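As structure tokens, the structure follows; a few thoughts come after it.
Remember, it's a predicted structure, so these values are computed and weren't measured experimentally. Only heavy atoms go into these numbers, but all of them, side chains included; no hydrogens, no water, no symmetry mates.
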Amino acid sequence: YLGPDSLGGPADLIEALAAELVAGDPTWRPDDPELWKLLESQRALLLLDEPPLTAVALDQLRARVPRCTVVVASSEPSGGSTQSIELTGLPTEPGVRLLELQLGRSTTGAERDAAVRICNAFAGHPLALVQTAGLAREGASLSDLAAELGSSPHERLGELLIDSLFEHEERVLAALAAFDGATLSIERLAELTGVDPVGPVLDSLERRGLLRRDEKPDRVAGLAQVN
């Protein structure tokens with residue numbers, strides 16, 4: 001897996017692939033024929049999250065790693081010789097199971113009916129289910145949440161999440177939101193927010209689905225906007 005914070009351009013991608021697949025000479029340049037020869041022999045599943053590559057560059061990359069399966073996650077159609085698959089939400093039953101997993105318990109009766117309504121309201125969107133479960137763990141009932149979400153579930157969920165924040169949590173998310181999805185080091189985030197220690201705050205927000213850890217565990221990015 002190579003995320004957007006690891007990639008600044010095509011050269012960064014090649015260097016990252018060399019580090020992950022070959023782990024050889026650190027002085028290799030992206031245009032080194034020996035490096036390409038070694039990459040061509042590797043077999044792997046490459047997951048590229050929003051890579052900074054054109055459709056032509058992606059096709060060239062696939063040609064360079066013919067034994068690898070390249071999967072690109074992108075908010076925009078990538079074009080080229082790719083096969084696009086639109087990701088949809090979870091079906092109802094798996095969505096309920098995800099809610100239960102996040103709650104740490106099973107649901108029955110009226111509570112299960114509420115869980116089904118919540119899953120259907122979000123069309124099985126996993127992050128929304130994780131965030132809703134976070135509210136439930138803090139004391140809100142699933143029945144009340146299902147009723148609260150109404151006809152604009154994503155908008156109302158955002159309001160409920162913001163209302164649930166403590167002041168220091170809001171400061172952390174506001175700092176992350178200012179960087180529009182880019183990651184920050186934990187040390188830099190603590191400096192910007194004045195929250196010390198910041199670690200427990202990050203752990204709490206991560207459990208509630210409000211931030212994500214980068215592939216480097218000492219870096220985080222926000223998943224919620226705080227206005």
Side-chain angles (χ1 to χ4, degrees), residues 1 3-6 49-50 73 75 87 89-90 94-107 111 114-115 117-227:
Y1 171 83
D5 302 296
S6 301
D49 188 358
E50 297 285 356
S75 57
L87 297 180
L90 297 172
V96 170
R97 288 198 293 273
L98 175 59
L99 264 179
E100 293 177 332
L101 178 65
Q102 293 295 314
L103 292 172
R105 56 180 172 79
S106 60
T107 57
E111 189 179 43
R117 289 164 56 198
I118 290 169
C119 290
N120 292 337
F122 290 119
H125 191 292
L127 179 58
L129 298 179
V130 170
Q131 292 173 339
T132 302
L135 293 173
R137 287 198 306 271
E138 293 182 352
S141 74
L142 291 184
S143 296
D144 288 344
L145 288 170
E148 280 269 10
L149 294 171
S151 59
S152 302
H154 289 280
E155 179 179 338
R156 184 58 183 145
L157 175 61
E159 294 170 350
L160 292 172
L161 289 170
I162 290 173
D163 290 343
S164 75
L165 295 174
F166 292 104
E167 187 269 341
H168 53 282
E169 293 173 330
E170 188 168 341
R171 280 158 56 192
V172 167
L173 286 182
L176 290 172
F179 287 83
D180 195 25
T183 61
L184 286 177
S185 71
I186 292 175
E187 292 78 10
R188 179 60 174 155
L189 185 59
E191 292 174 2
L192 290 173
T193 61
V195 176
D196 186 24
V198 74
V201 178
L202 299 180
D203 292 339
S204 174
L205 293 173
E206 185 178 21
R207 285 193 301 270
R208 290 148 63 191
L210 294 174
L211 62 79
R212 65 176 173 84
R213 302 273 179 176
D214 189 21
E215 54 262 32
K216 300 175 182 177
D218 61 340
R219 299 183 67 84
V220 296
L223 290 174
Q225 298 292 325
V226 181
N227 299 318

Heavy-atom donor-acceptor pair, [X] side chain to [Y] backbone, under 3.5 Å:
X	Y	value
Arg137	Gly104	no
Thr132	Ala128	yes
Gln131	Gly209	yes

Identify the heavy atoms of [X] and [Y] that sit nearest to each other, and give their distance.
X	Y	result
Thr193	Ala175	CG2-CB, 3.7 Å
Ala121	Pro153	O-CG, 3.4 Å
Val198	Val195	CB-O, 3.5 Å
Ser164	Glu138	CB-OE1, 3.9 Å
Ala136	Leu103	CB-CD2, 3.5 Å
Leu129	Leu99	O-CD2, 3.4 Å

Nearest 0.5 Å, please: how far is [atom2] in [Y] from [atom1] in [X]?
X	Y	atom1	atom2	result
Ser106	Leu101	OG	CG	12.0 Å
Arg117	Leu142	CZ	CG	10.0 Å
Glu191	Ser185	CD	OG	7.0 Å
Leu98	His125	CG	NE2	11.5 Å
His168	Leu205	NE2	CG	8.0 Å

Side chains of [X] and [Y]: does their closest heavy-atom pair fall under 4.5 Å?
X	Y	answer
Leu149	Phe122	yes
Arg208	Leu165	yes
Cys119	Leu90	no
Arg97	Pro94	yes
Leu202	Leu189	yes
Leu145	Leu160	yes

Working note: Glu169 + Leu173, criterion side chain to side chain contact (heavy atoms under 4.5 Å, CB included); need CA distance, chi angles, decisive distance, verdict. CA-CA 6 Å; Glu169 293 173 330; Leu173 286 182; 5.7 Å; no
Decide whether Thr107 and Glu100 meet the rule of one side-chain donor and one side-chain acceptor closer than 3.5 Å.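 Yes, side-chain donor-acceptor contact under 3.5 Å.
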